[in-house]
Amino acid sequence: MKKIGIGLLGLGTVGQGVANIISDPNGRHPLVGELELVGVAVKNLQKERNVSFPHSILTSNPIEIVNNPNIQIVVEVMGGIEPAKSLIIQAIRAGKSVVTANKAVIARHGEEIANEAKAAGVYVLIEAAVGGGIPIIEPLKQSLGGNQITKVSGIINGTTNYILSRMDKEGVNYAEVLKDAQELGYAESDPAADVEGSDAADKIAILSGLAFGGAINRADIPTTGINHLEAIDVNYARKLGYGIKLLAISERDNTQTECESSQPLSVWVEPTLVPEENPLAGVNGVNNAILVEGNPIGQVMFFGPGAGSGPTASAVVADILNIAGIQSMSVDKVLNLDPLLSAKSWKSCHVAEEREITKKNYIRLIAEDTPGVIGQIGGIFGQKKISIESIVQFDATNNEAEIVVITHNIKQGQLQDALLDIKNLPQVKKIAATMGCL
Ligand code: HSE
């Protein structure tokens, strides 16, 4: 059998992990031994590298990779939107299948890329784009295809989960842990995409599309990160029996059977109180976990390392092997498969506005510690038809009280209206925090 030529775009952490697997096929799937690393595009050719392949296959010109006739599968692990997106499209147009770990490109341009792949008759696989080493893309596309999925929720950003786990365990504040995480290499020097929630929003956009068969407009996803989270809320949450996790959630109304424009899909990212007994509460450090709920399966949770060289390379190589396996099939069978190896038909999916999302909430208020304050706050919630699950007064010093309210399921529009009125109460100094709550 002729070897299958692989071209790498990028030789960072993930690229090196992929090269290591290809150069050491022993004990792996037999098809790994049929892969040959033919070319690797890097930014800086002069950089000293200790690599498992001949230096002669390095190039600083990525076009050489996408146009190389000896390469059948292009692996894009350079990250960022451009030039990654253009190179993916050029590779497809040159007749090559593509494996990418690039969630930012797929979340924004996935439909365009899928259409290009369809027209060219090649494959684009994205297992490494969400959840690092956790197999979640293929299960949503294939293994769970017999289910009506109702909800996908999860911890899909390892950096923020590491920071939150340490804030919870050590009682320290966000800025302190972030600095430490950067020094230890768990957080980037520019941590914005992780801590502001945008990385998780990219990933939930991709998962939602697969779970509900619809293209999601990434810009419509209400997103709140952990960068304004205070240690005091982590502490109060724990006292109430919850941990705080940055959750990405996508759910449809129970009456819907698929993505329909008349019934929007609720998709959002925010720090969320998770009850201690919920399986997501025990997911700590840089691990990720995705809980999929559907009919008839009930709940299934996928757990594992959400980032890192080895785990992400494991997902990339799984995709390479999928394509390599298909390429060794007969032409007739190949023509019957769609380019994303996806089971569902694809429609545009309408994402609900934030005011329409229904969920439980945690609210922390700072108010004067005077008679009747809690009654007035409760009265406003009542007027807006918001049912309160619990209301607790924590520390009261210098005549100031910290009041924490947990609501039942309500529309976010109701909460926003109530908070406007509560803010205007003379005894209320500040609405100090709002978060989701499971
Ligand atoms: N920055 C991501 C995370 C890893 O912290 O989970 C790659 O998706």
Side-chain angles (χ1 to χ4, degrees), residues 10-18 20 42-44 47-50 77-82 84 101-105 107 128-134 154-204 223-235 237-238 243-248 269-272 274 280-289 303-316 433 435:
L11 192 62
T13 322
V14 181
Q16 285 176 40
V18 174
N20 289 343
V42 293
K43 244 194 224 155
N44 178 6
K47 191 171 162 184
E48 225 167 86
R49 300 165 205 274
N50 182 12
V77 282
M78 61 203 306
I81 306 277
E82 284 295 357
N102 198 324
K103 63 257 166 182
V105 165
V130 183
I134 305 172
I155 297 164
I156 47 180
N157 182 269
T159 306
T160 48
N161 203 45
Y162 172 83
I163 294 172
L164 291 174
S165 301
R166 286 202 44 196
M167 285 177 76
D168 194 6
K169 200 164 161 220
E170 298 164 29
V172 281
N173 67 39
Y174 163 77
E176 203 176 315
V177 189
L178 173 64
K179 193 166 162 278
D180 212 19
Q182 286 171 316
E183 278 164 16
L184 290 166
Y186 289 123
E188 310 262 355
S189 51
D190 177 3
D194 292 318
V195 301
E196 291 173 11
S198 139
D199 176 83
D202 288 346
K203 292 168 177 170
I204 196 69
T223 303
T224 310
I226 65 161
N227 45 329
H228 298 297
L229 183 67
E230 293 183 47
I232 196 166
D233 292 303
V234 179
N235 180 22
R238 192 49 75 196
I244 296 179
K245 300 290 180 191
L246 182 68
L247 291 194
V269 174
E270 77 171 338
T272 303
V274 178
L280 292 172
V283 177
N284 290 311
V286 290
N287 285 313
N288 282 192
F303 167 84
S309 174
T312 312
S314 156
V316 167
M435 279 184 272

Mind checking what makes side chain to side chain donor-acceptor pair (under 3.5 Å) contact with N227, not counting sequence neighbours? none
D168 side chain to I244 main-chain N or O, any donor-acceptor pair under 3.5 Å? no
Would a distance-only check, ignoring hydrogens and angles, find a side-chain to backbone donor-acceptor pair under 3.5 Å from S309 to T13? yes
Shortest non-hydrogen separation from A289 to V283 and the atoms involved: CB-CG2, 3.6 Å
Closest non-hydrogen atom pair between G171 and A231, with its separation: O-CB, 4.2 Å
My understanding is that only residues two or more places apart in sequence, or in another chain, count here; which of them pass ring pair (Phe, Tyr, Trp, His ring centres under 6.0 Å) with Y186? Y162
Hits for side chain to side chain donor-acceptor pair (under 3.5 Å) against E170, two or more places apart or cross-chain, chain-then-number order -> R166
After noting the C-alpha distance and the side-chain angles of E270 and L247, does the key distance pass the side chain to side chain contact (heavy atoms under 4.5 Å, CB included) rule? CA-CA 6 Å; E270 77 171 338; L247 291 194; over 6 Å; no
Salt bridge (Lys or Arg N to Asp or Glu O under 4.0 Å) partners for E48, two or more places apart: none
Please lay out, stage by stage, how N287 and I155 fare under the test side chain to side chain contact (heavy atoms under 4.5 Å, CB included). CA-CA 8 Å; N287 285 313; I155 297 164; over 6 Å; no
How long is the straight-line distance from CG of N102 back to CE of M78, given to the nearest 0.5 Å? 9.0 Å
Test item: side-chain donor near acceptor, K245 and N157, under 3.5 Å: no
Set of side-chain contact (heavy atoms from CB on, under 4.5 Å) partners for Q16, sequence neighbours left out: L11
Taking it one step at a time, do Q182 and L178 satisfy side chain to side chain contact (heavy atoms under 4.5 Å, CB included)? CA-CA 6 Å; Q182 286 171 316; L178 173 64; 4.0 Å; yes
Tell me every residue that passes salt bridge (Lys or Arg N to Asp or Glu O under 4.0 Å) with D194, counting only those two or more places apart in sequence or in another chain. none
Atom CG of D199 and atom CD1 of I204: how far apart are they, to the nearest 0.5 Å? 12.0 Å
Checking S165 side chain against N161 main chain: does a donor-acceptor pair fall under 3.5 Å? yes
Spacing of CD1 belonging to I163 relative to CG belonging to L246, to within rounding of 0.5 Å: 10.0 Å
Residue among T224, L164, D233 satisfying side chain to side chain contact (heavy atoms under 4.5 Å, CB included) with P271: T224
Of all heavy-atom pairs between V18 and A313, which one has the smallest distance, and what is that distance? N-CB, 3.4 Å
Within this structure, what is the CG-CE distance for the pair N173 and M167, rounded to the nearest 0.5 Å? 6.5 Å
Judged by atom type as modelled, is there a donor-acceptor pair below 3.5 Å linking the side chain of K103 to the main-chain atoms of A129? no
Minimal non-hydrogen separation, T223 against S198, with atom names: CG2-N, 4.1 Å
Which heavy-atom pair separates G79 from A84 by the least distance, and what is that distance? O-CB, 3.9 Å
Hey, what do you get for CD1 (I156) to OG1 (T160), rounding to the nearest 0.5 Å? 9.5 Å
Say you draw a straight line from CD1 of I134 to CG of N288; how long is it, rounded to the nearest 0.5 Å? 5.0 Å
